[in-house]
Amino acid sequence: MILATTTSTQDSGLLDVLVPMFDREGGWQTKTVSVGTGAALALGSRGEADVVLVHAPEAETKWMADGNGTERLLVMHNDFIIIGPPSDPAGIKGNPSAADAFKKIAQGKASWVSRDDASGTDQFEKQLWSQVGINPKGQPWYITSGQGMGPTLTLADQKNAYTLSDRATYLAQKSKLQAIVMVERDKPLLNIYHVMPVSPAKFPNIKINAAGGKAFADFMVAPTTQQTIGDFGKDKYGQPLFVPDAGKDEAQLSV
Amino acid sequence: MDLLWQGLVQGLTLIVSGDPALLRIVSLSLLVSLTATAIAALIGVPLGARLALGSSRGQGLIQALINTGMGLPPVVVGLAVTMLLWRTGPLGFLSLLYTPQAMILAQLIVALPIAAGLTASALGLLDPELASALRVSGAEEPRVAYEMIRAALPQVIVAVSAAFGRAIAEVGASLMVGGNILGQTRILTTAITLVTSRGDFAEAIALGIVLLALAFIVNAGLTWRARAAMYL
């Protein structure tokens, strides 16, 4: 059974807890491939994975509309935060609006690091820029790292730049970073994860492990798993990294 | 500097305590790279000998191909092997993607040209009269190759140890074809990549030290063998 998922779930360590649990309970042998959301969806839409766990609602809706998946289940959320150097050259610390902070960074030509790897975080960041009507591509202050969240945080930190991070990865690395949280808890910064089994009907010539994919999706929204997700990180970081959301209405989520 | 020291201490603690997770990663690293090197030697050494001894046309082309192969970027090999092994790929029916076997295949591809190329250049340094004399005395070509390899054994062992060095140090291809799955395909180099991306720099350094130690032990063994061969 092949699970294609995002780097944030692996970098935070959540999968190292959930996948062995799933394998033990159901006797599965899960192969987890951690790539960006873009690549995970691409693997799924080629029939190279049996289930995907990703966080890019817009791209997911399109992926489902193309007939790649059997269902799309809300699993959990955490939130994105804008982090930056304590000197805060753009003056955005404590700003309640992410959109406003983005504008200030562009106006002040403060260094910004973008992952530019088509991951969920990257797609989310690009959406925010286009929502404020700015095209930062090619600007000298707009640095692209092309790497996952962990290395990108280190890079932004070393370059005294701002960046967008999911809270889980930031908390996991906080002790090694000088960078601090600048903007948080703004509604548009919600980071929502869905699980989607790959549809065997779309790939008649490929042996999709549909039972395994479905079992994983069911596992992710099961009460005990949801409990584990809600507890994950409490012991190490003093606060949970994800909020379990199975069965909730996506529109009703709050930060 | 603190970090280096911390890594060093953590690395030694990990080794001394015989951490089971680490042992698993180390033994898989060794299994994959030694298997890949053994196959690379079995194919590469005779191939190199043939290359050094033959005089057929097209020899130059093969030599150039092998020389290029010695600098083959592992990520390109990883990409090619991944696409071959995809469910939709030509070898997809084997279900080998994300297994140690796939990593052995990828490491074999990067190590083979080194074993062949360095063997060829080692044998090229021998006195050409030796091959001629063997042929005059009625030896068949495989026998000539065998004697030549024996004559250059210390250098051939260096070729094999260079191939091993390439295999164990390689990360790009193993990451792609193996998937870096905990307990299944996580080896030292891919584990280092992962813990670095998680920001656990001390643990990364610790693993790096283990990797270096491992490479040293295997190479020391081979070098010892090469020196013994020199004084036969």
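Just so you know, these numbers come straight off a predicted model, no measurement behind them. So you know, we letter chains A, B, ... as the sequences are listed, proteins then strands, and number each from 1.
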So for A:Gln10, is it side chain, backbone, both, or neither that comes closer than 4.5 Å to the heavy atoms of chain B? both
Would you say that more than 12 heavy atoms from the other residues, nucleotides or ligands in this model lie under 6.0 Å from the CZ of A:Arg72, or not? yes
Which one, A:Ile208, A:Asp16, A:Thr154, leads in non-hydrogen pairs under 4.5 Å with chain B? A:Asp16
Name the member of B:Thr196, B:Leu97, B:Ile181 that forms the most heavy-atom pairs with chain A at distances under 4.5 Å. B:Ile181
Other residues, nucleotides and ligands only: do more than 12 of their heavy atoms fall within 6.0 Å of CZ on B:Phe93? yes
Per the ring-ring contact (aromatic ring centres under 6.0 Å, His included) rule, what does the pair list look like for residues 197-217 of chain A, sequence neighbours excluded? A:Phe22-A:Phe216
Could you tell me which portion of A:Ser12 (side chain, backbone, both or neither) has an atom closer than 4.5 angstrom to a non-hydrogen atom of chain B? neither
Is the NZ atom of A:Lys126 crowded by more than 12 outside heavy atoms at less than 6.0 Å? yes
Residue B:Met83 excluded, over 12 heavy atoms near CE under 6.0 Å: no
Shorter than 4.5 Å, heavy atoms on both sides: which option in B:Leu194, B:Thr185, B:Val195 has the most such pairs with chain A? B:Leu194
Neighbour count above 12 (heavy atom, 6.0 Å) for A:Gln178 CD: no
Give every donor-acceptor pair under 3.5 Å between a side-chain atom in residues 74-81 of chain B and any protein atom, sequence neighbours left out.
none

Pick from A:Gly47, A:Ser34, A:Gly148 with the largest number of heavy-atom pairs that fall under 4.5 Å of chain B: A:Gly47
Check this for me: A:Gln29, atom CD, are more than 12 non-hydrogen atoms of other residues, nucleotides or ligands nearer than 6.0 Å? no
Pairwise salt bridge (charged side-chain N to carboxylate O under 4.0 Å, His left out) hits with a residue in residues 84-111 of chain B, at least two apart: A:Asp50-B:Arg87
How would you list, in number order, the residues of residues 156-171 of chain A that have a heavy atom less than 4.5 Å from chain B? none
Segment of A:Lys176 engaging chain B (4.5 angstrom heavy-atom cut-off): side chain
Please classify the contact of A:Ala4 with chain B as side chain, backbone, both or neither, using a heavy-atom distance under 4.5 Å. neither
Do other residues, nucleotides or ligands put more than 12 heavy atoms under 6.0 Å from B:Gln59 CD? yes
Separation between CD of A:Glu48 and OH of B:Tyr98, rounded to the nearest 0.5 Å: 7.0 Å
